[in-house]
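The chains referred to below are lettered A, B, ... by the order of the sequence lines, with proteins before strands, and numbering in each begins at 1. Bear in mind the structure is a predicted one, so any value in this text is a computation, not a measurement.
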2 protein chains.
Amino acid sequence: MLNEYALHCGKVRSEIRELFEIGRVKKQQFGEENVYDFSLGNPSVPPPKEVKDAFLDALETQSALSVHGYTTAAGSNDCRQAVAEDLQERYGEDLNFNNFYMTCGATAALVSCIRAFVTDENSEVIVIAPYFPEYRIFVEGCGAKLAVVSPDYKDFQVNFPEFEKRINANTRAIIINTPNNPSGAMYSEKTLEHMAAILSKKSREFGHPIFLISDEPYRELVYGDRRAPFIPQFYDNTVICYSYSKSLSMPGDRIGYVCVPSRVEDWEDVMAAVAGAARGAGYVCAPAIMQQVIKRCAKVRPDIAIYEANRNLLYNELTKMGYECVKPDGAFYLFVKAPNGNSQEFSRMAQDENLLIVSADQFGCPGYMRISYCVDKEMIVRSLPAFRTLMEKCK
Amino acid sequence: MLNEYALHCGKVRSEIRELFEIGRVKKQQFGEENVYDFSLGNPSVPPPKEVKDAFLDALETQSALSVHGYTTAAGSNDCRQAVAEDLQERYGEDLNFNNFYMTCGATAALVSCIRAFVTDENSEVIVIAPYFPEYRIFVEGCGAKLAVVSPDYKDFQVNFPEFEKRINANTRAIIINTPNNPSGAMYSEKTLEHMAAILSKKSREFGHPIFLISDEPYRELVYGDRRAPFIPQFYDNTVICYSYSKSLSMPGDRIGYVCVPSRVEDWEDVMAAVAGAARGAGYVCAPAIMQQVIKRCAKVRPDIAIYEANRNLLYNELTKMGYECVKPDGAFYLFVKAPNGNSQEFSRMAQDENLLIVSADQFGCPGYMRISYCVDKEMIVRSLPAFRTLMEKCK
């Protein structure tokens, strides 16, 4: 007699993890260098030097009781203030430590926000395909329903006619993720303005705010001259879920935050509900030493030259072979159309070439493949003949 | 339009935190040395030297990508194996890494277990007063009901007639905490045998296992010749929620585990349900560098001489003044009867003497006070006249 949903979530592993395990076995069989594993979104660039310096500085210069002691649930004031000041400088938004709640990564932030916004078992949370599959677990785990808007295949912006139709009186929140995992696309200003207009209209229509949850682990991973915007400046009722996992290459350290800007309607209540939801989920405080690190590294940016070089290499080579994909603006994923039109089958065919790429069916985007290019450039070079062979087989 | 329960939990602060805040203000007003703050269960003994060494060793000798990278959700095999081997050595229980799921402290472990065992909105979880008030938030946050067994005032074991009556067909689990916060009492072997007999009988009667959740942050903090037993050896269907917060003085680091021994009925399913519940609560993996630390420190024990000296001083002095309390076996709390019979009022009277002690009403044990003696011995000495004054006032 166990909770059925928990048992299901514990037994059914994510397909990405499955593929990663297949890769581990193949590497033992064929040798590390003959397997081309593009399955995981695990940073391949080490953390900036400042991260290690910050750990050492905290351990060597502060009292052990303060480094390893509890902070307040929302996080230490100086860590939160450092994060606030950095964002204020970059985006001109009026922010201070009270607008921040430090969390164990973006997942804890997302779960806390979803729990705060879901009011009853009829509540719905909308995601826009392609979307990160764990969103479903988080939303259904709160007892709410996930509503999926099908992809805009042209350029992976938003399928607005369907988006508007999906919103109803039970809609509590929308989760967006830009730059996007898995598409690598970034929402344009036009997209964000259009989305804000619809959400404002629908909030008025239904007489309550519909919250926008902006999941931003890839905010700092944007290529060329573009930069990720500050989403609350498009739509007031936006909360940000941030993670340092990708930007500072510290996914195991579990540190991120919820930002509730003061422009959010009743923002202090929203922050209290997020805090209460986090409390109920057993989050006592974000790891204290990580807060010490972030306090010291709030202004540190990743060196994304390696990812950008990987993107260019893979994009240029695959499109030359005839693969179809949109050139990604950010994150570290190339989103490619399966040349045979069936992404699950194509993923299996790729396995026969020792090439591990993820079918996007689970992201709500059948027919597409996610190729994580947070890998060694040399592996990309070695993998190209396998991509060529696969394309030949599909012709 | 926010989740009401989350908003409530975010707005109503714990009374312990309130008292701590009062203390902060008083210290500014009267000077640090003139306020006697016994409110928090925050370790006052720094972490053992091995903890810092372990951090430095991980940071200096391992690749940054591995130190800061994701581990599998359950935790790295070598960390879990180190923990398993330590417990196997100490208790002769057959354990290996598969029996462990590393978590962000005992709270994450508790929430994951409660979510795994709660099957529907009629589910009940029993706690035995005095109990840690956050249990209510965790249980109600899962949509289940909390059933409280009133205290056994004689020696803070278990009020068995009431315990047995509280168990019904909806009972899914019991949470125990021994050594206990706030009473400092440890359950005797007789108590555990009696509890196991009742739980076995009731499991048979209702045709499903009733799980025992043993919350064990104070397992290593036991005084004199006694030692904390391994609870699953009394009752098979026991899962352990452990934290290194108190034993290694690292509460801010958020590291602990769930242990599901192989003697638990369908233990692999139970472990899967715990893992699935953790996934749904947004726990991706326990902080990776903390797992590195625990791998290296699994056999490190705290030096509890300071706490024991504090216990003896405070116990001897207060009983001499006429205060009534049971001598604590473990943890770092002295549980004292309010001499005026009203613990909330006594806590307020104590505040007037700049003495901060917690009323146990919130622990389900009215009429008692919790005095946390994880403090400087000098502060205890300075506080004694205030205790004396209070006793005089109650006469």
Under a 4.5 Å cutoff for heavy-atom pairs, which residue among [options] has the most contacts with chain A?
options                                   : result
Gln291(B), Glu140(B), Arg172(B), Glu4(B)  : Arg172(B)
Gly141(B), Gly69(B), Ala108(B), Cys104(B) : Gly69(B)
Ala64(B), Ala281(B), Ala275(B), Ala277(B) : Ala281(B)
Gly280(B), Gly252(B), Cys142(B)           : Gly252(B)

At a heavy-atom distance under 4.5 Å, which candidate from [options] has the highest pair count against chain B?
options                        : value
Glu265(A), Glu60(A), His8(A)   : Glu60(A)
Gly276(A), Ser66(A), Pro251(A) : Pro251(A)
Val111(A), Leu2(A), Thr119(A)  : Leu2(A)
Asn42(A), Thr71(A), Asp269(A)  : Asp269(A)

[X] versus chain B, the contacting section by heavy-atom distance below 4.5 Å:
X         : value
Val12(A)  : backbone
Phe20(A)  : neither
Leu110(A) : neither
Ala73(A)  : neither

How many angstroms lie between [atom1] in [X] and [atom2] in [Y], if you round to the nearest 0.5 Å?
X         : Y         : atom1 : atom2 : answer
Phe138(A) : Arg279(B) : CZ    : CZ    : 8.5 Å
Arg254(A) : Met290(B) : CZ    : CE    : 12.5 Å
Ile289(A) : Phe55(B)  : CD1   : CZ    : 4.5 Å
Met1(A)   : Ser123(B) : CE    : OG    : 7.5 Å
Arg115(B) : Tyr5(A)   : CZ    : OH    : 9.5 Å

Minimal heavy-atom distance between Ala6(B) and Ala273(A), with the atoms involved, is CB-O, 3.5 Å
Under 3.5 Å: donor-acceptor pair, side chain of Asp253(B), backbone of His68(A)
no
Check whether Val45(B) gets within reach of chain A through its side chain, its backbone, both or neither, counting any heavy atom under 4.5 Å.
backbone
Part of Glu134(B) lying under 4.5 Å from any heavy atom of chain A
side chain
